[in-house]
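Read the structure below first, then the notes.
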Number of protein chains: 2
Amino acid sequence: MTTPLPLAPTPADAAGCCSPAGPGLDADTATGVARTFKALADPNRVRLLSIVARAEGGEACICDLTDPVGLSQPTVSHHMRLLAEAGLVTREQRGRWAYFAVAPQARQLVESSVAAVLPA
Amino acid sequence: MTTPLPLAPTPADAAGCCSPAGPGLDADTATGVARTFKALADPNRVRLLSIVARAEGGEACICDLTDPVGLSQPTVSHHMRLLAEAGLVTREQRGRWAYFAVAPQARQLVESSVAAVLPA
DNA sequence: CACACGTATTGACAGATGTCGATATGTGCC
DNA sequence: GGCACATATCGACATCTGTCAATACGTGTG
């Protein structure tokens, strides 16, 4: 519970084991960071995102994504939804097709998540 | 199934939808990348890693980790095992205690995973 | 307007994952 | 050797996750 650690900074505690170890990230921040990484924690989502990132014009629609990953259309739709909810891709309905592109803040989102866990 | 239309194979296909979209990352690479992110896809693991990263001396033992995250000792041990298997932390048995530290290649591991998905 | 087509949603299911209590393993101390 | 302690493993359980077939929803086209 965030233990404001008014405890004695000194003594034998550290001697018995190791140092008291600061609180690290708070639960909320950690949840947010984990949410971003969770979106990238599936091989097929990684592939899908990489395809979109490399796509000509920077965007791709579902119909172009199913074949490369070898998944059913609903499954690909599901994965893209997760990527979109994580803020990693954007979805734009244009005519009959839904075009996905890497979100502008995607890179920064991931980088800041990394920085939160592993500060320089 | 790419709809075996006997129609003209060449032209309207690309015109109808978007570009064919390159293959993106291969399955093996994507699996590796996802493995790294999967280790970071749990809030408690994120917290644990951040605690170790910020720990005095750069290392912490299980006994110092259970309290901050509020999990049982077996659960913390389990999470640290996963982080270690992912190559993000190292484990060193010293006396009765097991000291965990951020692995030297941890940052590079994560960074290269990011770069694999989202090339600059 | 009806139809074809691209995409999203639903329902169902197997497998993975996070968690704990109980217990085993290993290590230093008396 | 025996005991106390720190950590790891095991067994069990609830929940989450990835997947597909079936189906619903929009949208342009005839």
Side-chain angles (χ1 to χ4, degrees), chain A residues 12-19 21 27 30-31 34-35 37-49 52 59-67 69-86 89-100, chain B residues 1-5 7 12-19 21 27 30-31 34-35 37-49 52 59-67 69-86 89-100:
Chain A
D13 199 19
C17 185
C18 31
S19 42
T31 301
R35 192 186 347 260
F37 287 131
K38 193 172 291 192
L40 298 167
D42 178 85
N44 287 319
R45 272 197 299 275
V46 166
R47 295 187 76 186
L48 289 168
L49 182 56
V52 171
E59 49 184 17
C61 57
I62 301 279
C63 62
D64 282 326
L65 296 172
T66 50
D67 267 29
V69 293
L71 294 174
S72 72
Q73 174 267 315
T75 300
V76 172
S77 181
H78 171 66
H79 283 313
M80 294 312 292
R81 195 243 261 280
L82 293 185
L83 287 172
E85 285 177 351
V89 303
T90 59
R91 180 190 180 281
E92 185 193 353
Q93 183 91 21
R94 216 150 64 216
R96 284 196 282 217
W97 295 277
Y99 289 85
F100 292 89
Chain B
M1 300 246 301
T2 62
T3 344
L5 298 179
L7 303 176
D13 201 17
C17 188
C18 32
S19 44
T31 301
R35 190 183 352 257
F37 287 131
K38 193 172 291 193
L40 298 167
D42 178 86
N44 287 320
R45 272 196 301 275
V46 165
R47 296 187 76 186
L48 288 168
L49 182 55
V52 172
E59 50 184 17
C61 58
I62 300 280
C63 62
D64 281 326
L65 296 173
T66 50
D67 268 27
V69 293
L71 293 174
S72 72
Q73 174 267 317
T75 300
V76 172
S77 181
H78 171 65
H79 283 312
M80 294 312 292
R81 195 242 259 279
L82 293 186
L83 286 173
E85 284 177 350
V89 303
T90 59
R91 179 189 183 280
E92 185 193 352
Q93 183 91 23
R94 215 151 65 217
R96 284 195 281 213
W97 296 278
Y99 289 84
F100 292 90

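Letters go in sequence order (proteins before strands), and every chain restarts at 1.
A distance of 4.0 Å separates CZ in B:Phe100 from CD1 in B:Ile62, rounded to the nearest 0.5 Å. Rounded to the nearest 0.5 Å, atoms OG1 (B:Thr90) and CE (B:Met80) are 9.0 Å apart.
The nearest whole Å value for the distance from the CE atom in B:Met80 to the P atom in C:dT17 is 18 Å. One interatomic measurement links the two molecules: CG of A:Leu65 to P of C:dA8, which rounds to 10 Å at whole-angstrom precision. A:Glu92 has its CD atom 18 Å from the P atom of C:dG6, to the nearest Å. If you take CH2 of A:Trp97 and C1' of C:dA4, they are 12 Å apart, rounded to a whole angstrom. As a whole-Å value, the separation of A:Ile62 CD1 from C:dC5 P is 18 Å. Protein atom OH of A:Tyr99 is 17 Å distant from nucleotide atom C1' of C:dA8, rounded to whole Å. One atom, CZ of B:Phe37, and another, C1' of C:dT17, lie 19 Å apart when rounded to the nearest Å. The interatomic distance linking B:Leu48 (CG) with C:dT19 (C1') rounds to 13 Å, in whole Å.
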Stepwise side chain to side chain contact (heavy atoms under 4.5 Å, CB included) check, A:Asn44 with A:Thr75: CA-CA 10 Å; A:Asn44 287 319; A:Thr75 300; over 6 Å; no
Side chain to side chain contact (heavy atoms under 4.5 Å, CB included) between A:Gln93 and A:Arg91, intermediate numbers included: CA-CA 7 Å; A:Gln93 183 91 21; A:Arg91 180 190 180 281; 2.7 Å; yes
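The side-chain contact (heavy atoms from CB on, under 4.5 Å) test with A:Leu48 singles out one residue from A:Leu82, A:Val69, A:Asp42, A:Val89, and that residue is A:Val69.
Side chains of A:Leu40 and A:Leu49 form a contact here, defined as non-hydrogen atoms less than 4.5 Å apart. A 4.5 Å side-chain heavy-atom check between A:His79 and A:Val76 finds every atom pair outside the cut-off. Side-chain contact between B:Arg94 and B:Glu59 is present, with at least one heavy-atom pair separated by less than 4.5 Å.
Not a single salt bridge (Lys or Arg N to Asp or Glu O under 4.0 Å) links B:Arg96 to another residue, sequence neighbours left out.
Put simply, B:Arg81 has no side-chain N or O that comes within less than 4.0 Å of OP1 or OP2 on D:dT7.
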Using atom names, set out every protein N or O paired with an N or O of nucleotides 18-22 of chain D below 3.5 Å, distance rounded to 0.1 Å.
residue : atom : partner : partner atom : Å
D:dG18  : OP1  : A:Arg45 : NH1          : 3.3
D:dG18  : OP1  : A:Arg45 : NH2          : 2.8
D:dG18  : OP2  : A:Arg45 : NH1          : 3.3
D:dT19  : OP1  : A:Asn44 : ND2          : 2.6
D:dT19  : OP2  : A:His79 : NE2          : 2.3
D:dC20  : OP2  : A:Ser72 : N            : 3.0
D:dC20  : OP2  : A:Ser72 : OG           : 3.0
D:dC20  : OP2  : A:Thr75 : OG1          : 2.7

Close N or O pairs between protein and nucleotides 25-29 of chain D (under 3.5 Å):
none

